[in-house]
Enquirer: 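What follows is a single structure, and I will ask about it in a moment.
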Amino acid sequence: MTTLRAFTCDDLFKFNNINLDPLTETYGIPFYLQYLAHWPEYFIVAEAPGGELMGYIMGKAEGSVAREEWHGHVTALSVAPEFRRLGLAAKLMEMLEEISERKGGFFVDLFVRVSNQVAVNMYKQLGYSVYRTVIEYYSASNGEPDEDAYDMRKALSRDTERKSIIPIPHPVRPEDIE
Amino acid sequence: MLRHILVTSNMAARGHVQDPNDRRLRPIYDYLDNGNNKMAIQQADKLLKKHKDLHCAKADPSRQVLKAIGLQRTGKQDEAFSLAQEVATLEPTDDNSLQALTILYREMHRPELVTKLYEAAVKKVPLSEEYHSHLFMAYARVGEYKKMQQAGMALYKTVPKNPYYFWSVMSLVMQAISAQDDKLAQTMFLPLAERMVEKMVKEGKIEAEAEVQLYFMILERLGKYVEALDMVRGPLGEKLTSELQSRENKCMMMYQRLQLWPECNALSYKLLLKNPDEWQFYLSYFDSLFHLMDKSWSPPNEEEHCVEGPVQTTVAEAVKFVVDRMEEEDKKDSRPLRGPYMACLELIHRLRQRGCPDEEELGDPLELMLQFFGKFGDKPSCITDLKIYLHLLPPEQHTQFKNRLGDLVPLGEVGEDGFGFPGDTKVLQRHLCVCQLSRVLGLQHTLDTEGKLCLITELKAHYHYGLQFGKSCLKTELQFSDTYCLMVAHVYIDLWTETGDENMLWQCLGVLEEGLSYSPSNAQFKLLLLLLFCRLGAFQPVVDLYSSLDAKHVQHDTIGYLLTRYAGSLGQFAAASQSYNFSLRFFHSNQKDTSEYIIQAYKYGAFEKIPEFIAFRTRLNQSLHFAQVRTERMLLDLYTEADITSSLEESVKAMGLCPEEDDIPWDNMRDNRDLTVLFSWDPKDRELTEEHRRLSLEEESVWLKVRSLTLRLLASLALLGHAPSPRNSDKTNENGVSAKSSTLQTLLSQLDLTLQTAAQITEKQTQYPFLGPPSSRLASALSSGSCHCQASALQLSLTLQELETTGLDDSSELQTQICNSFKSLIVQLQELLSRCKGEVLEMKDSRLMTQPSLLETLVFFVETVCVVLWVASYSASVLRPLKSSLQKKKKKTKDSSTAMPVVLSGFQEWTGSLQGIVTQALDHVKGQEASLTALKLAALTLGVGHAQTQEECGFTRAAMDKVQTSYLGSLQELGDLLRKRADSLKSLKF
């Protein structure tokens with residue numbers, strides 16, 4: 001039981017319980033404003049009846065239609081610890097997929113830390129599969145080694161043959177991805 | 001970055017043609033991008049010299065500008081500016097110059113010059129789509145809405161593309177939003193915008209969703225809800241596809257505005273059937289239902305109830321609807337949704353509010369909540385959900401409720417310690433929820449000390465037991481049983497605040513440190529530790545804790561107060577300086593950042609975001625925290641540097657401080673602090689209220705006013721100090737000085753008024769919830785006497801100024817007055833110092849006791865010493881020339897018998913006393929340092945009385961060590977500053 005609505009600038013002042021999670025990045029203002037200006041429909045927040053923010057998803061549509069690479073991308077998805085295990089992330093993903101369907105995307109993709117098993121398993125349950133591994137995609141700040149990412153994908157109905165999700169066997173470097 | 005912007009836009013403009021100029025400019029761009037500004041200047045010079053036969057700017061305007069960028073970035077603003085203006089007066093029309101100048105002006109924070117640039121370019125090349133659009137964006141950056149409207153139209157006339165037309169329309173909307181006079185908005189700007197859109201509609205020219213959105217925005221702002229509704233439902237509405245449920249949401253909004261309750265009800269009903277978890281639609285369903293009942297609305301007989309379908313108008317129908325939804329969930333094999341069950345409680349709540357007896361049909365709230373717990377008790381959100389409806393239970397049911405909940409939690413067999421434990425994480429979560437609920441119900445608070453200690457033992461046992469379930473947890477995950485640990489800490493805090501027993505606090509720190517060792521990512525542990533260390537006056541451990549939270553950007557505004565409230569006030573000046581800088585860096589980038597995205601919103605047609613971005617920028621600019629950090633940052637710089645590394649006057653000038661200027665938005669201050677960032681399961685009567693928030697903002701604002709006036713007074717004092725040039729030789733100079741002294745006078749009376757308000761506020765002795773906002777420094781500042789001492793010192797400078805004009809002859813009254821002030825200041829300082837005396841940390845009967853307030857008072861003392869010494873140095877600058885002219889006179893008249901004027905002897909005596917006080921203070925600090933160092937915490941026996949394991953004792957000890965080290969650190973910084981101040985005293989001798 002949740003109110004799902006468009007994320008607004010004022011929510012930036014209220015999202016600490018979500019963003020103080022170690023795997024949730026707090027970006028600079030330009031980053032959020034860019035998404036709000038360009039893809040406002042892809043930035044959705046869930047609010048509890050008491051007014052607490054429960055979680056949000058932030059995404060965009062990109063890629064070339066001609067090359068059948070036009071797709072929805074999940075930039076950030078996070079749910080506050082106290083609102084986990086309610087299926088909220090799945091609901092938000094479903095919404096992002098629906099928006100991407102409407103835009104005629106071929107697939108939805110996302111990057112996730114290889115070590116974030118909880119998230120990787122959740123995405124697998126939602127129908128995502130590992131498309132490729134991106135080496136040292138996440139740069140660490142505290143002297144620890146950079147971490148690899150899985151690029152995970154799920155085909156949308158436009159990709160009838162599910163060509164977009166055929167895995168690439170060899171890992172790629174961040175500079176090689178678009 | 002720089003080249004990226006330039007090159008991409010060049011390519012767009014020219015279609016990938018490689019301009020030979022670009023190639024030669026590249027090395028300069030490279031240097032600028034890499035921050036090698038000096039090389040950039042050299043390179044530009046080199047290329048410019050090749051063409052020295054021609055006029056530089058004419059021959060090579062773009063290189064000239066790139067050189068200017070280099071100059072700007074190496075701090076040569078004036079040179080850069082004049083170089084740029086040389087090019088600008090030529091009214092360039094080449095991309096390279098225009099774009100480089102745009103960047104330069106932006107870096108100079110002169111975006112208004114960009115508009116001039118493109119105005120000229122557009123005049124010269126009137127058919128350029130690019131320059132027109134740059135001109136539009138340049139206006140957008142400075143918020144010139146009227147000119148934007150015209151530029152948009154001019155652009156549309158040059159190139160008839162729809163977006164340009166709608167840029168112009170949006171600029172009209174912005175004129176409406178920003179208009180001071182709402183009438184103007186409603187009768188001129190918005191109707192004009194509406195007509196402009198209507199014209200396009202009639203001509204069938206509407207193309208994009210953004211245009212429809214904008215049309216809707218205009219109609220909504222005009223209050224034309226019927227028209228807006230028709231539009232959304234009509235063919236134009238079909239374009240609203242990007243956002244999910246966009247049309248439904250807009251219709252719902254209009255139904256509510258128009259109070260079309262049948263439609264509102266029917267639509268909510270429909271949407272809930274589709275998604276029975278959408279909370280907002282339950283609310284609109286209930287709202288509309290009761291409105292309809294109040295109006296005794298009855299549906300028309302034959303046709304459909306309304307355009308949205310069937311309408312429900314009776315409680316019976318609503319009850320059935322909610323019960324049906326719950327039954328649907330009950331039948332489901334998959335995870336049930338919380339919505340219907342919460343809706344049931346919400347409906348009871350509303351029926352009860354209306355005194356409607358039908359609530360019984362839904363069942364007993366206690367049973368319903370038990371049912372809810374049965375279904376969702378293993379979710380961490382269960383407490384947050386049930387908390388909202390606990391008021392439905394009468395107080396006499398609370399214990400029964402708790403016990404019945406307990407029956408639903410199957411714990412294992414009771415062991416030696418008397419506790420049974422959960423067998424898996426689901427049961428653990430249920431047990432936790434019961435603990436949380438009993439805390440929210442106030443059942444923990446009513447326990448006596450012994451009861452609370454038993455509760456702690458029980459919760460700790462559960463905490464330690466539960467750790468086994470999370471053995472494979474990653475460092476980034478939370479432990480399943482973390483919440484027990486946090487609750488133990490809360491009970492310890494209850495005990496500490498009730499009994500004053502500091503041991504409770506030490507054990508609390510220990511248990512949190514232990515928790516953090518098992519769950520290093522738990523932000524709540526860190527936040528609470530941080531708060532406790534601050535309350536203890538130990539700032540050093542806070543630095544690491546805060547940085548491990550990885551708070552960034554906007555979080556500096558929302559939780560930065562946790563750092564900045566304490567760092568400076570505890571004498572950790574270096575850390576304070578750093579934490580102010582974190583916040584300031586964020587705020588300063590805001591202005592530039594947001595303008596950029598306002599422009600992007602025009603480009604992408606996200607029109608509804610434009611007023612939102614502007615409001616956001618305003619909210620940041622008017623932030624209380626922003627005003628606080630910029631004031632404290634400057635004060636801190638003065639306290640730590642003025643008259644040490646450079647004179648007060650130089651410091652003030654370097655900061656660009658102007659005493660007449662007040663840049664704090666007193667009437668529109670925004671409190672962006674996140675005051676509920678720390679979890680709390682306190683009962684309602686102990687929770688943070690709106691009144692607390694209001695009082696905290698009031699208190700912080702008054703304290704800020706005291707600080708900001710102090711700062712401006714210091715600036716004013718600095719400017720009173722004059723160059724050693726002969727006095728009164730220049731009439732205008734004298735006028736300047738008296739203008740300054742009148743500023744000083746005005747500010748002093750403002751300070752006086754503010755201190756009166758402050759006294760009234762502190763009389764209220766507002767207590768905030770422990771986990772809510774910290775109290776401001778106001779109360780301790782007032783009770784220490786530092787504010788009044790500083791005010792009298794500054795007042796003295798005015799009297800001295802008077803003496804300066806009067807001279808030594810015929811001023812005996814004035815002189816006596818000054819001498820009395822000297823003496824009174826000494827008394828005040830002495831009193832202030834005596835309030836610092838005592839042991840900040842000591843062991844008594846094998847207990848460790850703290851008095852952090854001594855540290856705070858010492859900081860006030862040091863700040864006050866700084867102010868008094870600046871006034872002393874001003875005094876010296878006034879008296880020195882008076883003395884020397886007196887000596888000259890003596891030599892002339894060969895009169896050696898005249899006694900020294902009282903003010904001169906008084907001053908000498910005063911500086912002597914000041915020296916004495918500073919020495920005393922230094923001795924005190926040294927003494928404190930010595931006794932702190934001598935304190936052997938290892939000698940403390942811990943765990944006496946309350947069962948603390950060996951391990952827990954270890955963590956408590958570690959926390960104690962941190963506090964001890966931090967106190968030492970504060971004392972060292974304070975001592976260092978005092979010593980430097982003592983040095984500056986020497987220069988006062990004459």
Side-chain angles (χ1 to χ4, degrees), chain A residues 1-6 8-10 12-17 19-42 44 46-50 52 54 61 80-88 91 95 98-99 102-103 113 115-118 141-142, chain B residues 241-244 246 277-280 282 335 337-343 346 378-381 383-385 387-388 474-478 521 523 527 549-555 557-559 586 589-590 593-594 596-598 600-601 603-604 606 608-609 612-613 615-616 619 672 674 677 679:
Chain A
M1 153 236 31
T2 304
T3 295
L4 294 158
R5 57 168 179 79
T8 68
C9 289
D10 278 341
L12 294 169
F13 296 96
K14 300 195 292 186
F15 70 5
N16 282 324
N17 64 330
N19 274 41
L20 286 172
D21 171 89
L23 292 181
T24 304
E25 178 74 15
T26 300
Y27 298 101
I29 297 300
F31 197 71
Y32 295 112
L33 296 193
Q34 185 198 344
Y35 276 80
L36 288 172
H38 201 155
W39 306 279
E41 66 278 6
Y42 266 124
I44 303 164
E47 197 176 88
E52 303 92 349
M54 304 165 74
E82 56 171 320
F83 297 107
R84 289 186 189 157
R85 298 171 57 220
L86 295 170
L88 183 56
K91 175 77 196 165
M95 293 173 85
E98 168 67 23
I99 295 169
R102 288 189 192 190
K103 289 187 191 292
R113 284 174 192 275
S115 68
N116 193 352
Q117 269 309 312
V118 181
S141 51
N142 43 357
Chain B
T241 54
S242 289
E243 205 182 310
L244 298 180
S246 174
D277 210 33
E278 277 268 10
W279 189 242
Q280 55 188 323
Y282 281 109
R335 166 157 49 196
L337 299 168
R338 293 134 69 231
Y341 304 93
M342 288 286 281
E346 173 70 22
D378 57 354
K379 312 283 183 203
S381 63
I383 175 66
T384 324
D385 290 341
K387 206 165 107 169
I388 307 173
L474 298 171
K475 266 200 308 197
T476 49
E477 289 173 77
L478 303 178
S521 296
L527 286 164
L549 282 172
D550 205 17
K552 284 186 272 192
H553 312 295
V554 71
Q555 290 174 318
D557 194 21
T558 54
I559 58 171
F586 164 70
S589 62
N590 159 46
D593 287 348
T594 35
E596 203 52 53
Y597 293 95
I598 291 167
Q600 295 244 337
K603 283 189 184 158
Y604 297 119
E608 76 275 25
K609 290 290 162 190
E612 186 184 316
F613 288 178
F616 174 67
R619 182 168 177 181
N672 297 333
D674 183 350
V677 68
F679 284 175

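What's counted below: heavy atoms across the whole structure, side chains too, no hydrogens, waters or symmetry copies. For clarity, every value in this text was computed on a predicted model and none was experimentally measured. Naming convention: chains lettered A, B, ... in sequence-line order (proteins, then strands); numbering from 1 in each chain.
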Enquirer: With a 4.5 angstrom heavy-atom cut-off, which part of B:Leu549 approaches chain A: side chain, backbone, both or neither?
Expert: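 It is both, since atoms from each part get that close.
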Enquirer: Going by distance alone, is a donor N or O of one side chain under 3.5 Å from an acceptor N or O of the other, for B:Thr384 and A:Glu52?
Expert: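 Not at all, the side chains of B:Thr384 and A:Glu52 share no donor-acceptor pair under 3.5 Å.
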Enquirer: Answer with yes or no after comparing the ring centroid distance for A:Phe13 and B:Phe616 against a 6.0 Å cut-off, counting only values under it.
Expert: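 They qualify: ring centres under 6.0 Å apart.
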Enquirer: Using non-hydrogen atoms and a 4.5 Å limit, figure out which bit of B:Ile598 sits close to chain A: side chain, backbone, both or neither.
Expert: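 Neither part.
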Enquirer: I'd like to know which of A:Asn17, A:Asp21, A:Ile99, A:Asn19 tops the heavy-atom pair count under 4.5 Å against chain B.
Expert: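 Heavy-atom pairs under 4.5 Å are most numerous for A:Ile99.
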Enquirer: State which residues pass ring-ring contact (aromatic ring centres under 6.0 Å, His included) with B:Tyr341; sequence neighbours excluded, sorted by chain then number.
Expert: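 ring-ring contact (aromatic ring centres under 6.0 Å, His included) check on B:Tyr341 returns B:Phe376.
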Enquirer: Is it the backbone or the side chain of B:Ser521 that comes under 4.5 Å from a heavy atom of chain A, or both, or neither?
Expert: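 Backbone plus side chain of B:Ser521, per the 4.5 Å heavy-atom cut-off to chain A.
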Enquirer: Roughly how far apart are A:Glu25 CD and B:Lys552 NZ, rounded to 0.5 Å?
Expert: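 One gets 3.5 Å once the value is rounded to the nearest 0.5 Å.
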Enquirer: Taking every non-hydrogen pair under 4.5 Å, which of B:Ile388, B:Asn672, B:Val677 racks up the most with chain A?
Expert: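 With the most close heavy-atom pairs to chain A, the winner is B:Asn672.
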Enquirer: Side chain, backbone, both or neither: which part of A:Phe15 has an atom under 4.5 Å from a heavy atom of chain B?
Expert: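 It is the side chain, since no backbone atom gets that close.
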Enquirer: With sequence neighbours left out, which residue pairs that include part of residues 32-42 of chain A fulfil the salt bridge (Lys or Arg N to Asp or Glu O under 4.0 Å) condition?
Expert: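 Of all non-adjacent pairs touching residues 32-42 of chain A, those that pass salt bridge (Lys or Arg N to Asp or Glu O under 4.0 Å) are A:Glu41-A:Lys103.
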Enquirer: What distance do B:Lys475 atom NZ and A:Leu23 atom CG have between them, rounded to the nearest 0.5 Å?
Expert: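 So the NZ of B:Lys475 and the CG of A:Leu23 are separated by 11.0 Å.
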Enquirer: Between B:Asp557 and chain A, which part of the residue has a heavy atom less than 4.5 Å away: side chain, backbone, both or neither?
Expert: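 For B:Asp557, side-chain heavy atoms alone lie under 4.5 Å from chain A.
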Enquirer: Taking the side chain as every heavy atom from C-beta outward, state whether A:Leu33 and B:Gln600 have any pair of such atoms under 4.5 Å apart.
Expert: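 When only atoms from C-beta onward are counted, B:Gln600 and A:Leu33 do not touch, as no gap falls below 4.5 Å.
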Enquirer: Does any heavy atom of chain A fall under 4.5 Å from the side chain of B:Ser589, the backbone, both, or neither of them?
Expert: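 Looking at B:Ser589, nothing touches chain A.
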